[in-house]
Amino acid sequence: VLNRKVSLSKSMAAVHVARSRSPRKHGHATQVHVGLLGLGTVGSGTAEVLLKQRDLIRERLGVDLVLKRAADLNIKREWGFDFPQEILTTDANQVLDDPDIKIVIELVGGKGIAKKFIEKAISSKKSVVTANKALLAEFGDELFELALANGVDLFYEASVAGGIPIIKALREGLVANPIRFLLGILNGTCNYMLTRMEREGISFDDVLKDAQKLGFAETPPDLDVDGWDTAHKAVLLAQLAFGGKYQVDNMKVIGIRGVSCQDVQYASEFGYRIKLLAILKKTEAGKVEVGVEPTLIPSDHMLAKVDMSFNAVFVKGDIVDETMYYGRGAGRFPTASAVVADVADIAKNTVLQPQCRAHRQDRNPLRHIGGGGGAKLASVEDLTARAYLRFEVQDVAGALAKVTKILADHNISILALTDFMRGKPLPGASATPNMYAPVVILTGDVKQLDLDKAMEACLKLPEVGPSFSRFRLEAFSQS
C-alpha cells in the first residue's frame, strides 16, 4: 500500500510538472496572424472582438490570434475602441500579400471585388473566413474547389443567421442525422416588421418606413423584404442538410410585401402567426423542397414565438428528433462572434491538429456535394402543403358554394372556414348586399398545381373580387 501511495504521489507530481510546463499556463501559445478586409459594421466589430478578447481566446484555444493588418477605404474615423493605427491600411494587398498572415477575413460584401479578394487569398495558401452568403450561394462550388486545391479552409458560419452556430451544428453536432426538414426564420428585418404589424396593427408600408428610420431595414429594402436574403441562406443550409446543388433561380421565393394587417389578424383568429420561412424538406419521393415564403405557424409552436429581429432555425433529424437554434441573426457583435469562431476553428486545424489536416485535407463541407451527388430539387408537381386562402366574396346566395365547389373539384379539402355570412365575423369584416367581404379558408394537404388551378378558377367567378391572399400553412404534426 505504501509503495502504491508513493507511486501515486510521483504520478501526481509528474502531472503537476507537466501542467506547469504547459504553453497555455505561461502564455507561450503559437501565434497565428490574421488579416481583415472590410471595416464596416461587422468588420469593425470583428476587429474589436479580436483585439479585446485576445487573451480570452488564447486561454481557451491555446493559440494566440493576432490581428496583424486591417484594410478599408475609410480608415480616418472614430472607431469607439482602441484600434492601433499601425495595423490599418487602405491597400487590401498589404493583407493579401503578407506572408505572415495565414487567415484572411473577407467582410467587404458583394460578388465583385470580394470574390477576387477571396480567390487571391486562397491562391496564396491563406484560409478564408467570410460572411458573404450571396457570393457563396452563386460561386460556392468554384471557391471550395480552389480551397481544396490549395490545401486551405473556407469557412462561412456568419453567412447564415448571424451569431447562431447553425452551420457548425449541421456540420458537426448533427453529423449522424439524416435531416428530415429544416425551417428557418433567417431575416431579422422581415421578422421585425411582421411582429410589429401583428402587435400594433400597422400596414406593411408604414412599418417599413419606420424600420428604415430605426436602421432595421436597408434602403432599398428589396433584398430583405422580397425574400432574396433568406433564399441565399437557404441554399447554403440545403447543401449542408441534404447534399446536392441548389440555385436561387430555381427556388420558389416569395417575400412579405403581400402580407397585409388583415391577413395577420385573420391568421391570429385561427390560432396562427405569419412568419417568413426558409423551408427545406425531404419529400416522400426522396427529393428536396427548398423555398422561401410567408407561412402560417401554430401560435403555440416554439418557432412562432420568435419575435422582432431575432432569428431561429428548427431542425428535425432522424436520430436526434427536433432541435431549435435561436439568437440574434444580425448585428455588429453577434455576427462578429460567428466570424471569430471560424477564425479560431481554422487556427486550431492549422496549428493544433496538423496531422488531421494532412489526412483529411478537405474540411470545406460544401465542396463534394455540389455535383451529381445528393438529393435532387423537387419540381412543383412533387409538392404538397396546406394553405391559407382569403377571397373577397359578394354577399349573394350561392356565392360561397361556388367557391367551395371549385375547391372540391380540384381535390382540396377544407379544414376551417370563416365568412361574414355566418358565425362570428372576422375583425373589420362588414358587408352590405352585393358588396365584397372576406372569406378565409384553411385547406388540408393539397398539390400545389391543383391549388394553382383552383385559385385561377375562383378568381374568375363574378361573385369573387380581385383582392385575395394565399399563404402556406405549416402543420408540424404532419411533418
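If you're wondering where the values come from, they're calculated on a predicted model, not measured in any experiment.
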Do the side-chain N and O atoms of Y266 and S268 include a donor-acceptor pair separated by under 3.5 angstrom? no

Output all residues satisfying ring pair (Phe, Tyr, Trp, His ring centres under 6.0 Å) with F81, sequence neighbours left out; order by chain, then residue number. F83

Can you name the closest pair of heavy atoms from V108 and A114 and give their distance? CB-CB, 4.5 Å

Go through the structure and list residues passing ring pair (Phe, Tyr, Trp, His ring centres under 6.0 Å) with F216, not counting sequence neighbours. Y192

Selection residues 300-315 - residue pairs positive for salt bridge (Lys or Arg N to Asp or Glu O under 4.0 Å), sequence neighbours left out: R199-D307, R273-D307, K275-D307

If the threshold is 4.0 Å, N to carboxylate O, is there a salt bridge linking E289 and R472? yes

Donor-acceptor side-chain pairing of N187 and D224 below 3.5 angstrom: yes

Contacts of Y388 meeting ring pair (Phe, Tyr, Trp, His ring centres under 6.0 Å) (sequence neighbours excluded), chain-then-number -> F471

Close side-chain approach of N411 to V446, heavy-atom, < 4.5 Å: no

Using ring pair (Phe, Tyr, Trp, His ring centres under 6.0 Å) as the criterion, list what pairs up with H410, not counting sequence neighbours. none

Expected output: side-chain T283 to main-chain V288 donor-acceptor under 3.5 Å: no

By side chain to side chain contact (heavy atoms under 4.5 Å, CB included), which residues pair with S260, not counting sequence neighbours? Q262, D263, R390

Mind telling me whether Y156 and F144 have parallel, tilted or perpendicular rings, with 30° and 60° as the class edges? perpendicular

Angle between ring planes, Y326 versus F310, binned at 30° and 60°: parallel, tilted or perpendicular? parallel

